[in-house]
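For reference, the structure is listed below as structure tokens.
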Amino acid sequence: MIFQGSLLWSATSGSPASWTTGSWKIDPSGITMIDEAGTTGSDFTGFAVPGFVDSHAHIGVGSDGPVGLEEQEVQARAQRNTGVLALRDCGAPVDNRWLDSRDDLPKLIRAGRHIARPKRYIRGMPIDCENLADLPDLVAEQAKRGDGWVKLVGDWIDRSNGVDSDLEPLWPTEVLVDAVAAAHENGAKVAVHSFAHATIDSLLEAGVDDIEHATGMDADQADEAARRGVLITPTLLQVELFKDFADQAGAKYPVYGATMSRMYDERREHFAMLREFGVTLVMGTDSGGYQEHGTIGKEFELWLDRGVSRLELIDVATWKSRIALNFEQLSPGASADLLIYREDPRTSGALDQPDHVVINGQLVYSRS
């Protein structure tokens, strides 16, 4: 088929994308620009962007825990129909590799399972590391299970301290250093769940590649993360729940509750600080569990509410996150995974409601 109009196009793989007017041939072999003037006949006209990225998703996890194959497909379709065509499964306790056989669903890379200390994460989600010395071996094992990523839980509430319980790091720095080295030696990068301030210095020293949430990061740490090129997935939807977490802590865990309340109150300023220091932000919703799949539009609303322009938001959600996570962009010969809009998405309309969705050069969904 032929698309004619304005497309967010990269001249070469890995290069910045720009809005380009022309015509493109789209088929299962890839996408190719055929007419810069855009004068050929076409099957679709309008505006097109690379499929969105959700870099923090859990395909196979629902509000009550792990789900079966049928529900996994429902989750993948919910993501696809709202424009997400590239997903990083950031730790799931189920085998969702069957999705790789489907050419009508989003492309998926995996981070193996979460690795945590016993009783220091959501029950049933992680592999528990009983002995700190075992962490590098567990990381190496999950590196082989995943698609180039490993997921660690960096901090969590330590309830053993009673009313003084708060967010606490799970791993000593020297253990993290060895674990990250083990991941890198096995060809994987390391993403780490982190809410707490006390965890960030160790993560940076250990050389992790991606910090999820990063709500405890201060300005000096953000400056260092930017210098190192560490990815930050801010998951604004998840941070909106911090007030609920604080309320649930109640009188039983007042210190933890105060910590979560403070980060909730400072969430706007914190996101602005991350942008000010130029950290590499990637788009992610933390869907599966607390967040439903297919909610990237709500994540977009929060970014826009924080002062991000539609143009910048589209860039981050498409080609910038694709480069960061090594997904293909829309560039010569790349897989034709794109969203088509009748109206210009840079100026109006709901970004999570594309008129047409194309995966692998085939039309897989149209909005009625």
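What you see is a predicted model; the values in this text were computed from it and never measured. In what follows, residues are counted from 1 in the order of the sequence shown. Worth knowing before you read on, the calculation uses all heavy atoms, side chains too, and leaves out hydrogens, waters and symmetry mates.
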Next on the checklist: If you count every heavy atom of other residues, nucleotides or ligands that lies below 6.0 Å from E205 atom CD, does the total exceed 12?
Outcome noted: no

Checklist outcome for this item: All heavy atoms of T45 vs all of I340, minimum pair found to be O-CG2, 4.3 Å

Checklist entry - Would you say D43's side chain and I2's backbone share a donor-acceptor pair under 3.5 angstrom? => result yes

Checklist entry - Looking only at heavy atoms, what is the nearest atom pair of G257 and A246, with distance? => result O-CB, 3.3 Å

Checklist entry - Stepwise, does the salt bridge (Lys or Arg N to Asp or Glu O under 4.0 Å) test hold for D128 with R120? => result CA-CA 9 Å; D128 287 334; R120 296 292 300 279; over 6 Å; no

Next on the checklist: Taking CD in E269 as the centre, count heavy atoms belonging to other residues, nucleotides or ligands within less than 6.0 Å. Is the count above 12?
Outcome noted: yes

Item to check | Side-chain heavy atoms of L152 within contact of L176, under 4.5 Å | outcome: yes

Checklist outcome for this item: Shortest non-hydrogen pair, W19 vs S6, comes out as CE3-OG, 3.3 Å

Checklist outcome for this item: Residues L325 and R88: closest non-hydrogen pair is CD2-NH1, 3.8 Å

Checklist entry - Could you state the interatomic distance from CZ (F47) to CZ (F3), rounded to the nearest 0.5 Å? => result 8.0 Å

Item to check | H193/H56 aromatic ring centres below 6.0 Å | outcome: no

Item to check | side-chain hydrogen bond (donor to acceptor under 3.5 Å, both in side chains), paired with S287, selected from E292, Q79, H58 | outcome: Q79

Next on the checklist: With a 4.5 Å cut-off on side-chain heavy atoms, are S335 and N360 touching?
Outcome noted: yes

Contacts under 3.5 angstrom, residues 350-357 side chains, donor-acceptor by atom type, not counting sequence neighbours:
| from | atom 1 | to | atom 2 | distance (Å) |
| --- | --- | --- | --- | --- |
| D355 | OD1 | R342 | NH1 | 2.7 |
| D355 | OD2 | R342 | N | 2.7 |
| H356 | ND1 | S366 | OG | 2.8 |

Next on the checklist: Surrounding CD of E224 (heavy atoms of other residues, nucleotides or ligands, distance under 6.0 Å), is the total greater than 12?
Outcome noted: yes

Next on the checklist: Using a 3.5 Å distance criterion without hydrogens, assess whether the side chain of Q329 forms a donor-acceptor pair with backbone atoms of G14.
Outcome noted: yes

Checklist entry - Are side-chain N/O atoms of H293 and D54 paired as donor and acceptor at under 3.5 Å? => result no

Checklist entry - Would you say the side-chain atoms of S331 and S10 include a donor-acceptor pair closer than 3.5 Å? => result no

Item to check | Minimum heavy-atom distance between L167 and A196, given as atom pair plus value | outcome: CB-CB, 3.8 Å

Checklist entry - Which atom names give the shortest non-hydrogen contact between S165 and S160, and what distance separates them? => result OG-N, 4.1 Å

Next on the checklist: Do N96 and R110 have side chains that approach each other closer than 4.5 Å (heavy atoms only, starting at C-beta)?
Outcome noted: yes

Next on the checklist: Heavy-atom count check: over 12 atoms from other residues, nucleotides or ligands less than 6.0 Å from N131 CG?
Outcome noted: yes

Item to check | Identified side chain to side chain contact (heavy atoms under 4.5 Å, CB included) counterpart of V208 within the set L231, V180, I200 | outcome: V180

Checklist entry - If two hydrophobic side chains count as joined below 4.5 Å and joins carry through other members, does L338 share a cluster with L108? => result no

Item to check | Residues in ring pair (Phe, Tyr, Trp, His ring centres under 6.0 Å) contact with Y253, at least two apart in sequence or another chain | outcome: none

Item to check | Spacing of D155 atom CG and R117 atom CZ [to the nearest 0.5 Å] | outcome: 14.0 Å

Next on the checklist: Hydrogens and angles aside, do Q221 and D201 bring a side-chain donor and acceptor to less than 3.5 Å of each other?
Outcome noted: yes

Item to check | Flag if over 12 foreign heavy atoms under 6.0 Å of CZ, R97 | outcome: yes

Checklist entry - For A182, does its backbone N or O pair with a side-chain atom of N186 as donor and acceptor, under 3.5 Å? => result yes

Only pairs under 3.5 Å count here: list side-chain donor-acceptor contacts from residues 233-241, not counting sequence neighbours, and write none if there are none.
| from | atom 1 | to | atom 2 | distance (Å) |
| --- | --- | --- | --- | --- |
| T233 | OG1 | D210 | OD1 | 3.4 |
| T233 | OG1 | E212 | OE2 | 3.0 |
| T235 | OG1 | H213 | ND1 | 2.7 |
| Q238 | OE1 | Q291 | NE2 | 3.4 |
| E240 | OE2 | R267 | NE | 2.6 |
| E240 | OE2 | R306 | NH2 | 2.9 |

Checklist entry - Around atom NZ of K189, are there more than 12 heavy atoms of other residues, nucleotides or ligands at under 6.0 Å? => result no

Checklist entry - Tell me, do T82 and F52 make a side-chain contact under 4.5 Å, heavy atoms counted? => result no

Next on the checklist: Testing Y290, W156, Y256, Y264 one by one against F245 for a ring pair (Phe, Tyr, Trp, His ring centres under 6.0 Å), which residue passes?
Outcome noted: Y290

